Amino acid sequence: MQSEAPIYLDFQATTPVDPRVLVEMLPYFSERWGNPHATNHAFGRSAANAIAAARSEVAALIGADPREMIFTSGATEANNLLLKGAAALMAAAGRPRIVTCATEHKAVIEVAQRLQRDGFSVTVLGVPSSGILDLASIERSLGPDVGLVSIMAVNNEIGVEQPIEGIGRLCRQHGALFHTDAAQAGGKIPLNVARMNIDLLSLSAHKLYGPQGIGAAFIRRSLRHQFTPLVDGGGQEGGLRAGTVPTALCVAFGAAARLARQEMESERSRLRSLRDRLLTLLGDARLGFVVNGELERRWPGNLNLSFRDVDAEALLMTVGERLALSSGSACTTRSIEPSHVISALTNDQDRIEGAVRIGFGRSTTPAEIDKAAEILIAAVQRLCSVRHTAMEDL
Ligand SMILES: *Cc1c(COP(=O)(O)O)cnc(C)c1O
C-alpha cells in the first residue's frame, strides 16, 4: 500500500550531492586520477590544477584569498584545527578565556570543553528565546583575558542567524580572535571575512550539496604561520593538514560552492515561500504549535516546531518512513537526550521534548510540502486524540 518514496525534510543533517556537482567530480575518480602532490608529471599537475581552481571557488564563497583556505575532512575537523590552533596563540598572548554560546554545535562545545580541561577558561553565553545573541551580552563578556570568541553563523537546529558582523566588530575592538562555524551558512547567506572581521571560519561541503568527507578551514593570513597542525605528515596544505588532498572531493566542493553562490538569492526566496506554505497549511488545520527560535532572522530552509501535547519521538514514529525529519540534532542521535539547543531557549519540558526539525532544500517541491503537511496533520491529530482518550480513561 505505502510504497511511495519518503519525503526528505532533513537538509540540515546533510544534503544530496547536486547532479551538476557529481558530473564535475566523477572524472577525477577515473580518467583524471593522479596524486596532486606529484607535480613532476602531467597526472599530478592536472589534479593540482583542479584543486587550485576548487580552492578559489570555496574562497570566493567567503571573500577570502585562496591561500587562506585549508581543505579538511569536514567542519568538525575544521573546528578542531581552528579552536585548538587558536588556543596555542591565546596561551602565548596571555589571553586564556574563550567565549562561546549554549546553542553551538557539539563540534565546538566539546572542543571548548577539552580546552577547559587543559586549563583554558570558557564562558558559555545563554541566549534569549529567539535563539539570537544580543550584542550587549557579548560585549559584557569581553575583557583583556578573552583570546577567542566562537559563535556560529547559522544554527543547525533552529536556523537562526547570529549577528556575525556585529560580533566581529566587537572582537576586533577588544583584541579577541573571532571564529565562526559556518557549516550551515556557507552558500546560504552572504559571508565576507574582511567585512565581518572573521579570523577563523569552518565550512562543510555536505551541507551545501557537495559530498560528505570534505570541508575547509579559513585562517586569516596573518595568523597562519603561528598555527600548529592537528595532523603531521607530508606537509600538504601548507603544513597545516598533512595527507593526500582528495582531488575529486575538492572539485565537487568547488562546484557546489560556485552553484550555491550563483543561486543563493533565488533559492532563499523559493525556500521562504515553501516554508510559509507549510506554516499556512499547519495553521489552517488548527494544530497548536510553537516555532522554536525566531522566524524572521532565520535561514528559510529550516523550521523547528513543537506541537502542543505531542512528543517528538512519538511523532517521528507515527510519520514513520513517509517523512524524513529529525528530533533534536542528528549528530547526537542514539541518545534520546533532549536537544541542548531547544533547552537553551526554554525551560518548558513539553516544548523541549516536542521539538521537531523540518529542513527544506534544493529538491523540495510545493507538492512535497502539501503531502508533508497532510502526513504531519494526520499524525498530530492522531497522537492528540490518543492522548485525550487515554486521559479520559484515567
Ligand atoms: C554539520 C555541522 C558540523 C559538522 O560538519 P561535518 O562536515 O559533518 O564534520 C559542524 N557544525 C555545524 C553547525 C554543522 O551543521
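If you're wondering where the values come from, they're calculated on a predicted model, not measured in any experiment. Every number for a ligand or one of its atoms is a count from 1 in the order of the listing.
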Please work out, at 4.0 Å between heavy atoms, whether the side chain, the backbone, both, or neither of [X] comes within that distance of ligand 1.
{"X": "Q212", "result": "neither"}
{"X": "T76", "result": "both"}
{"X": "A183", "result": "side chain"}

Q.
Regarding S326 and Q12, do their side chains bring together a donor and an acceptor under 3.5 Å, going by distance alone?
A. no
Please lay out, stage by stage, how K84 and E110 fare under the test salt bridge (Lys or Arg N to Asp or Glu O under 4.0 Å).
-> CA-CA 12 Å; K84 290 171 185 174; E110 302 229 336; over 6 Å; no
Ligand 1 to N156, heavy atom cutoff 4.0 Å, flagged ligand atoms 13 (C), 15 (O)
The atoms of ligand 1 lying under 4.0 Å from a heavy atom of M152, numbered in the order shown, are 13 (C)
**OP:** Verify, without hydrogens or angle tests, whether R322 (side chain) and T318 (backbone) share a donor-acceptor contact under 3.5 angstrom.
**Re:** yes
Among H206, Q184, K207, closest by heavy atom to atom 8 (O) of ligand 1 is H206
With sequence neighbours left out, the residues meeting side chain to side chain contact (heavy atoms under 4.5 Å, CB included) with R268 are E161, I189, W299, P300
Residues at least two apart in sequence or cross-chain that pass side chain to side chain contact (heavy atoms under 4.5 Å, CB included) with L83, listed by chain then number, are V108, V111, L115, L148, S150, H179
Exercise for the section: Treating Ile, Leu, Val, Met, Phe, Trp and Tyr as nodes and any side-chain heavy-atom pair under 4.5 angstrom as an edge, say whether I138 and L200 lie in one connected cluster. Expected result: no
Looking only at distances, can you tell me whether any N or O atom of [X], backbone or side chain, sits closer than 3.5 Å to an N or O atom of ligand 1?
{"X": "E77", "value": "no"}
{"X": "S204", "value": "yes"}
{"X": "V154", "value": "no"}

Would you mind checking if D370 and R277 are paired as a salt bridge, meaning a charged N to carboxylate O distance below 4.0 Å? yes
